[in-house]
Structure formats: structure tokens, C-alpha cells
Amino acid sequence: MKVVWRWVRSCASVASPTTAGDETVSLLNDFATMCHQRDLPRAMHALDAMERRGVRAHDLTYAELVKCCLARRAVSVGKRVHRHVFSNGYLPETFLVNTLLNMYVKFHLLEEAHKLFDEMPERNVVSWTTLISAYSQAKLNDTAMRLLIGMLREGVMPNMFTFSSVLRSCERLSDLKQLHSFILKVGLESDVFVRSALIDVYSKLGELFEAQTVFREMVTGDPVVWSSIIAAFAQHSNGDVALNLYKRMRRTGFLATQPTLTSVLRACTSLSLLELGMQAHVHVLKYDQDLILNNALLDMYCKCGSVEDAKLIFNRMAEKDVISWSTMIAGLAQNGFSLEALDLFDSMKVMGPKPNYITMLGVLFACSHAGLVNEGWNYFRSMKNLYGIDSETEHYSCMLDLLGRAGKLDDMVKLIQEMSCEPDVVAWRTLLYACRAHRNVDLATYAAKELLKLDPQDTGAYVLLSNIYANSEKWNDVVDVRRTMRARGIRKEPGCSWIEVNKQVHAFILGDKSHPQIDEINTKLDQFISRLKGAGYVPDTNFVLKDLEGEQREDSLRYHSEKLAIVFGIMSLPREKSIRIWKNLRICGDCHIFAKLIAKLERRHIVIRDPIRYHHFRDGICSCGDYW
DNA sequence: ATAGGGTTAG
């Protein structure tokens with residue numbers, strides 16, 4: 001192939017300025033000047049004249065022209081230059097073809113790029129890398145990986161550019177390990193682009209430990225490598241590690257950029273650290289035009305239970321995309337403002353972007369938590385027609401939740417049967433929850449069995465089933481379930497509540513007495529309980545898992561972690577501050593009543609965030625309307 | 001002539 005290529009090039013008739021006439025010389029000079037000045041119209045005019053005379057310019061000049069087309073986003077002009085460059089059987093230098101290749105890639109004309117790539121007689125590392133990076137960015141990962149193999153087969157050695165591109169197309173850990181050792185062998189691991197890509201991909205494949213190892217081997221500090229590792233931990237619910245890394249990064253002397261701040265906000269969000277999030281907000285103010293950063297800020301305020309601040313930001317944002325709207329709609333719904341969420345969805349239909357399937361999850365959630373069964377059905381049924389959104393399992397789960405809360409167990413079964421996709425763990429679990437709330441033991445048993453078929457390790461299924469039996473006093477069945485759990489080595493996750501006081505997080509775990517002030521908290525809790533009992537509080541033992549009687553049953557409720565956290569909050573925070581608690585399990589009915597009464601008794605605003613939603617307790621009532 | 005980090009739901 002190489003021989004033919006040289007031969008063709010030497011035979012092509014090229015007019016060079018030294019042998020051509022004066023007019024041709026000035027024409028070519030003009031052309032070169034236009035190209036360097038990026039004057040596209042006049043350059044193309046000169047090109048017309050050159051074609052009429054059958055002369056051509058130097059390949060370097062054409063490359064300038066192609067870059068000019070790229071900058072002006074002139075697709076058809078670019079294609080004309082492509083034709084001209086290859087006219088009369090002439091084969092341009094590889095760097096010029098690479099420039100054309102790059103142009104097609106940047107115009108997102110992948111097919112054209114690949115066609116040109118196939119026709120190239122000589123392909124160097126830049127040609128391969130340009131194409132690989134194009135496929136990688138288009139998420140056509142298989143093609144990108146196949147191209148890397150083709151490249152190696154032709155004996156072209158990948159460089160750091162190739163690796164940092166192709167790594168992002170690595171979907172299997174085995175491939176990644178192979179690539180990684182190849183990178184080590186050729187000594188490219190110290191390139192900062194390669195390092196940040198390695199961290200990214202290990203993180204994407206859930207290998208945080210490996211990501212951290214790659215990070216630790218960094219010698220020369222680099223802001224993007226820092227940002228990659230911080231994002232890795234923030235995205236995998238290791239908010240505390242992410243925040244510590246961020247502190248270290250700042251100490252090392254790197255400034256907070258938009259991506260790092262976004263990850264910091266996400267970490268604050270997952271840890272419910274409103275105070276710290278507000279501190280980060282101060283830094284965000286520098287970048288108030290950054291859409292992604294504003295979206296993260298919006299989410300932080302919603303998730304940390306401060307909808308008012310979220311609304312202020314939402315209304316002030318100059319640019320809002322589908323994520324901004326979805327975040328705000330879901331945020332309102334989760335905080336108990338379902339009707340406001342649906343109003344916002346109405347405005348979105350008029351003046352916002354097209355809703356996506358996540359937006360619809362927020363809308364259905366709002367209906368579900370407001371008990372709006374008919375509205376929910378309407379939204380669910382019209383999704384496909386109005387917005388072309390297919391119902392995924394998540395949408396079915398929302399609908400099931402809606403029906404379950406409304407006690408429509410028969411409709412739930414019907415919906416599960418007509419699902420277009422296979423019912424998943426969440427669907428069965430939702431049915432199980434509804435059966436508990438509405439005391440349907442037979443259906444519950446069926447749902448639990450289906451659920452355990454899909455996932456025999458589902459702790460929740462055993463606990464729910466056991467609770468349902470306990471609620472209907474079927475103690476023998478309770479014992480059975482617990483025996484199965486023990487046999488399969490399954491343990492109930494202990495209830496855990498956290499509260500932020502003076503920028504420090506205090507954890508309360510069921511049965512754990514390690515908090516330094518635990519005695520004081522317990523005494524205070526006893527006082528509150530007797531005062532509340534005087535005011536008519538009756539502990540609701542329906543939520544006790546154990547087969548115990550009287551005092552003891554009441555006792556195991558007494559130590560629920562959220563009660564301890566509430567009492568600690570009342571003790572440590574001034575009255576004007578909201579008591580914000582987040583917990584790992586859903587709040588039980590007894591703690592819910594307790595929180596309502598204590599909020600009234602102590603004139604406090606209490607916010608409890610569970611894995612699904614928020615409860616704002618104020619003056620004896622909760623924003624969820626006792627419906628959760 | 002070719003390469004990097006961030007946001008909604010689950």
C-alpha cells in the first residue's frame with residue numbers, strides 16, 4: 001500500500017509557484033493569505049479560480065482552510081474542500097487527511113469520518129486516536145474498543161491521547177485491568193489525562209479502591225485528577241471521604257472549580273449537611289451562570305429540607321434545563337408540597353423543556369403522596385402520547401405505590417399483571433408494604449414469596465413479612481420467618497439517625513449507647529414521654545418486630561434512634577433553628593406521632609428525612625398529612 | 001492533526 005501511495009503522489013501534476021506564471025503565483029499567495037486570515041468567503045473564491053486553472057496550494061494551507069471551516073461551522077464548505085484536496089488523483093499528506101477527519105468528527109458526522117478513515121492509504125496514531133475518541137464520545141464503546149484492537153494489529157502504537165480516550169469506553173473490569181497493565185508497561189500512567197481517565201473508569205465500574213490507588217500514585221498534583229477522585233467518592237455515597245479529599249485539595253493549594261464544587265454539593269446533599277452546603281454556596285456565587293452547579297445547589301437545598309431556599313434559586317436561575325425542573329418538582333413533592341409540585345409541572349408544560357422519564361417519576365410521586373389516584377392514572381396513561389415516554393419499571397412502581405397508599409390492593413395486582421416489563425423487586429416490595437398497611441396477610445405472603453424468589457437476600461422482605469405476622473398476632477409464623485433469616489444469615493439493618501450540630505455529625509444507632517451524653521438524653525426522653533402521655537400520647541406498638549408483651553414492647557420503641565436524635569436536637573440547638581435529622585430506615589408510626597406531639601409541646605420545627613421522603617413537623621402536624 | 005472532572009430518579 002505504501003508503495004502505491006508514494007507513486008501516486010510523485011506522478012500528480014502539481015503547479016508550484018516557482019514554475020507557474022505570475023498570475024498563478026499571486027493567486028496562490030492570495031489564497032494563502034485568506035486562509036491564514038480565516039476569511040472563508042474570499043478563500044473559497046480563490047479556490048474556485050485555482051480549480052479553473054488546475055493549480056493547487058500547499059497541504060499546510062489547506063489544513064488552515066479546514067480549520068477555518070471548523071471554526072465557522074461551515075459543513076458543506078468543508079466537504080467541498082475535502083473534494084478539492086483529493087481532486088485529480090492527488091493524495092494529500094496524512095496530517096491534512098487527519099485534519100479533515102477531525103473536522104467530520106467535530107461536525108458529528110461519524111459515518112463520513114469513518115468512510116474517510118477507511119479510504120486513507122496511510123493511518124498514523126493521530127488518525128486512529130481521532131476516530132477512537134469520536135466513538136468514545138458518542139458512547140459507541142464496542143466500536144471504540146474494536147478500533148483499538150485493529151490499531152494494535154496494524155502495528156500502530158497507542159499514545160496517551162489514545163488511552164485517555166479509549167479508557168472511557170471500557171465497560172468490563174477485565175478489559176480495564178488489561179488496558180491498565182498495558183499503560184503501566186509503556187510507562188504512560190504518569191500522564192495526568194490518563195490518570196484522571198483511569199480514576200473515572202474504575203469509579204464507574206464501582207472499583208473505588210483501585211481508583212484511590214491510582215490517585216495515590218500521583219506525583220505531580222493536577223486539579224482534574226483531584227476532581228476525578230472527589231467525584232468518584234461523592235457519586236458512590238461516600239460523602240465524608242469526598243469532603244475530606246476536598247479539604248486536602250484546598251490545603252495543597254488548588255482552587256475550587258465548578259466540577260469540584262458540584263461534587264462537594266453532592267456530598268453535602270447525601271450527608272444532609274445543610275450548614276456545610278450553605279458554606280459551599282458562597283463559593284458557588286462566583287459561578288452563578290453555571291447550570292450544572294446551580295442544579296446541584298438546587299438539589300442540595302431540596303434534599304436538606306430547605307425548599308424555600310431552593311425556590312429562590314430556581315426562580316433566579318437564568319438558564320433552566322430538564323434537570324432543574326425535575327429536581328424542583330421532585331423536591332417539592334418529597335417535602336410534602338405535592339400540589340405545588342403539580343402546579344410547577346403545569347408551568348413546565350407551558351414554558352419549560354420537554355419532560356423526561358425522571359420528571360414523570362417526580363410527578364407520579366407527587367400524586368402518590370397526595371393521594372391523587374385519578375390524576376396519577378391520567379399522567380401515567382398520557383406519558384407516551386404526550387411526551388413519547390415509555391413506562392419503565394420505576395413508573396409502575398410509583399403507580400403501585402399510589403394504589404397501595406389508597407388501599408386499592410386489587411388494582412395493584414391487576415397492574416402488576418399488565419406490566420409491559422417484568423415486575424422487579426421494587427414492585428413486589430411495594431405490594432408487600434401496602435399489604436402491611438392494609439392488613440392483607442394472604443396477599444402479603446404471596447408478594448413476599450415472589451420478592452424472595454427474585455432476591456433471597458432481601459432483608460426488607462423478611463422484616464416486612466415478620467411485621468405483618470406480628471401485627472396479626474401470628475407469632476408462630478413470626479418465629480418461622482426469623483428462623484429462615486437466621487438460616488440464611490440475614491440480619492436486620494439497625495435503625496440509624498444522624499443530626500448535624502455545630503458542623504459535627506452525631507449518630508444514634510438502635511441499641512448503641514456510646515454517645516457521650518446518652519444518659520442525659522435518656523433522662524430527658526423519659527421526661528418527655530411522661531409529659532406526652534399526660535397529654536394523651538399512647539405508644540403505637542404495631543411497629544414492634546418482637547413477640548414481646550406490654551412494657552417490653554413499649555420499651556423497644558422507646559429507643560428508636562430518631563427519638564434520641566430529636567431529644568438531642570432539642571437539648572443542643574437554639575429554638576429558632578430547625579432540628580434536621582436523616583435516617584437510614586423509614587420512620588415508624590410511633591416515632592411519627594411522637595415527633596408531631598413534641599414539635600407542638602416544645603414549639604420546634606423538626607425535619608426528618610428518610611430514604612424516600614421528608615417529614616416537616618410543626619405545631620402538632622406533619623407535612624405528609626400522615627400519609628407516607 | 002489526536003485526550004480530562006460535575007447535576008435529577010434508582
Side-chain angles (χ1 to χ4, degrees), chain A residues 59-60 63-64 66-67 70 92-103 105-106 123-134 136-137 158-168 188 191-201 203 222-232 234-235 237 242 249 254 256-267 269 284 287 290-300 302-303 320-331 333-334 355-365 392-395 397-398 424-426 611-612:
Chain A
D59 279 3
L60 276 170
E64 287 294 319
V66 175
K67 277 185 244 168
L70 193 51
E93 304 263 1
T94 306
F95 80 85
L96 176 54
V97 190
N98 282 341
T99 312
L100 283 163
L101 198 58
N102 181 45
M103 177 190 78
V105 169
K106 294 278 153 66
R123 293 183 283 241
N124 60 17
V125 59
V126 177
S127 335
W128 285 97
T129 304
T130 305
L131 204 64
I132 288 176
S133 123
S136 224
Q137 274 165 24
N159 59 17
M160 57 272 254
F161 291 81
T162 326
F163 284 122
S164 62
S165 297
V166 81
L167 274 171
R168 268 156 236 290
L188 284 173
D191 181 81
V192 287
F193 286 79
V194 174
R195 193 182 297 283
S196 65
L198 278 169
I199 293 173
D200 252 17
V201 186
S203 152
D222 178 82
V224 181
V225 175
W226 273 105
S227 146
S228 301
I229 192 71
I230 293 171
Q235 286 161 358
S237 329
M249 183 194 88
F254 290 103
T257 57
Q258 290 101 313
T260 32
L261 277 175
T262 307
S263 295
V264 165
L265 281 172
R266 181 164 171 165
T269 306
V284 173
Y287 310 109
D290 192 301
L291 176 62
I292 298 179
L293 196 43
N294 277 325
N295 284 343
L297 195 60
L298 200 58
D299 192 41
M300 190 277 291
C302 285
K303 292 264 166 48
K320 298 194 249 289
D321 65 357
V322 64
I323 296 184
S324 329
W325 287 87
S326 307
T327 305
M328 198 62 223
I329 289 171
Q334 287 164 341
N356 65 12
Y357 80 102
I358 295 175
T359 320
M360 296 315 294
L361 287 177
V363 171
L364 293 176
F365 186 98
E392 309 277 341
T393 26
E394 291 99 324
H395 298 109
S397 298
C398 265
D424 63 349
V425 196
V426 183
I612 308 282

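Only heavy atoms go into these numbers, but all of them, side chains included; no hydrogens, no water, no symmetry mates.
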*Asks:* Is Asp200(A) touching bases, backbone alone, or none of the nucleic acid, heavy atoms closer than 4.0 Å?
*Replies:*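 The residue Asp200(A) makes sugar-phosphate contact but no base contact.
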*Asks:* Which part of the nucleic acid, if any, lies within contact of Phe163(A), taking any heavy atom under 4.0 Å across all strands shown: a base, the sugar-phosphate backbone alone, or nothing?
*Replies:*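 Here Phe163(A) touches no strand at all.
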*Asks:* CG/Asp200(A) to CD1/Ile229(A) distance, rounded to the nearest 0.5 angstrom?
*Replies:*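 If we round to the nearest 0.5 Å, Asp200(A):CG and Ile229(A):CD1 are 9.5 Å apart.
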*Asks:* Tell me what Leu293(A) touches on the nucleic acid: a base, only sugar-phosphate, or nothing, going by heavy atoms under 4.0 Å.
*Replies:*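 Touches a base.
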*Asks:* Which part of the nucleic acid, if any, lies within contact of Lys303(A), taking any heavy atom under 4.0 Å across all strands shown: a base, the sugar-phosphate backbone alone, or nothing?
*Replies:*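 Touches sugar-phosphate only.
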*Asks:* Mind checking if Val192(A) touches a base, just sugar-phosphate, or nothing, with heavy atoms under 4.0 Å?
*Replies:*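 Base, at least one base atom sits under 4.0 Å.
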*Asks:* Show your reasoning for whether side-chain contact (heavy atoms from CB on, under 4.5 Å) applies to Met328(A) and Leu298(A).
*Replies:* CA-CA 7 Å; Met328(A) 198 62 223; Leu298(A) 200 58; 4.0 Å; yes
*Asks:* Base, sugar-phosphate, or nothing: which does Arg195(A) touch, judged by heavy atoms less than 4.0 Å apart?
*Replies:*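 The residue Arg195(A) makes no contact with any strand.
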*Asks:* Between the side chains of Asn356(A) and Thr359(A), does any donor sit under 3.5 Å from an acceptor?
*Replies:*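 Per modelled atom types, Asn356(A) and Thr359(A) side chains form a pair under 3.5 Å.
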*Asks:* Counting any heavy atom closer than 4.0 Å, what does Gln137(A) reach on the DNA or RNA strands: base, sugar-phosphate only, or nothing?
*Replies:*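 Sugar-phosphate contact only.
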*Asks:* Heavy atoms under 4.0 Å, any strand shown: does Thr257(A) hit a base, just sugar-phosphate, or nothing?
*Replies:*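 Thr257(A): base contact, heavy atoms under 4.0 Å.
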*Asks:* Mind checking if Thr327(A) touches a base, just sugar-phosphate, or nothing, with heavy atoms under 4.0 Å?
*Replies:*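 Sugar-phosphate, no base atom in range.
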*Asks:* Holding to side chain to side chain contact (heavy atoms under 4.5 Å, CB included), I want the full list of residues that pass it with Ser263(A), two or more places apart in sequence or in another chain.
*Replies:*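 Scan of Ser263(A) (side chain to side chain contact (heavy atoms under 4.5 Å, CB included), adjacent residues dropped) gives Ile230(A), Ala231(A), Ala234(A).
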*Asks:* Checking side chain to side chain donor-acceptor pair (under 3.5 Å) between Asn295(A) and each of Thr262(A), Asp321(A), Asp290(A), which is the one that passes?
*Replies:*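 Only one of Thr262(A), Asp321(A), Asp290(A) forms a side chain to side chain donor-acceptor pair (under 3.5 Å) with Asn295(A), namely Asp321(A).
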*Asks:* For the residue pair Ser127(A) / Asn98(A), report whether a side-chain donor-acceptor contact shorter than 3.5 Å exists.
*Replies:*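 Asn98(A) vs Ser127(A): donor-acceptor pair found between side chains.
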*Asks:* Base, sugar-phosphate, or nothing for Val225(A), non-hydrogen atoms under 4.0 angstrom?
*Replies:*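 Since a base atom lies under 4.0 Å of Val225(A), the category is base.
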*Asks:* In a check of side-chain contact (heavy atoms from CB on, under 4.5 Å) between Ser227(A) and each of Ile199(A), Thr260(A), Leu261(A), which one passes?
*Replies:*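 Between Ser227(A) and the candidates, side-chain contact (heavy atoms from CB on, under 4.5 Å) is satisfied uniquely by Thr260(A).
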*Asks:* Using a cut-off of 4.0 Å on non-hydrogen atoms, how would the nucleic acid contact of Ala231(A) be classed: base, sugar-phosphate, or nothing?
*Replies:*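 Counting heavy atoms under 4.0 Å across all strands, the contact made by Ala231(A) is with sugar-phosphate only.
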*Asks:* Please find the earliest and latest nucleotides of DNA chain B, in the 5' to 3' direction, that have an atom within less than 4.0 Å of any heavy atom of chain A.
*Replies:*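 Answer, 5' to 3': dA1(B) to dA9(B).
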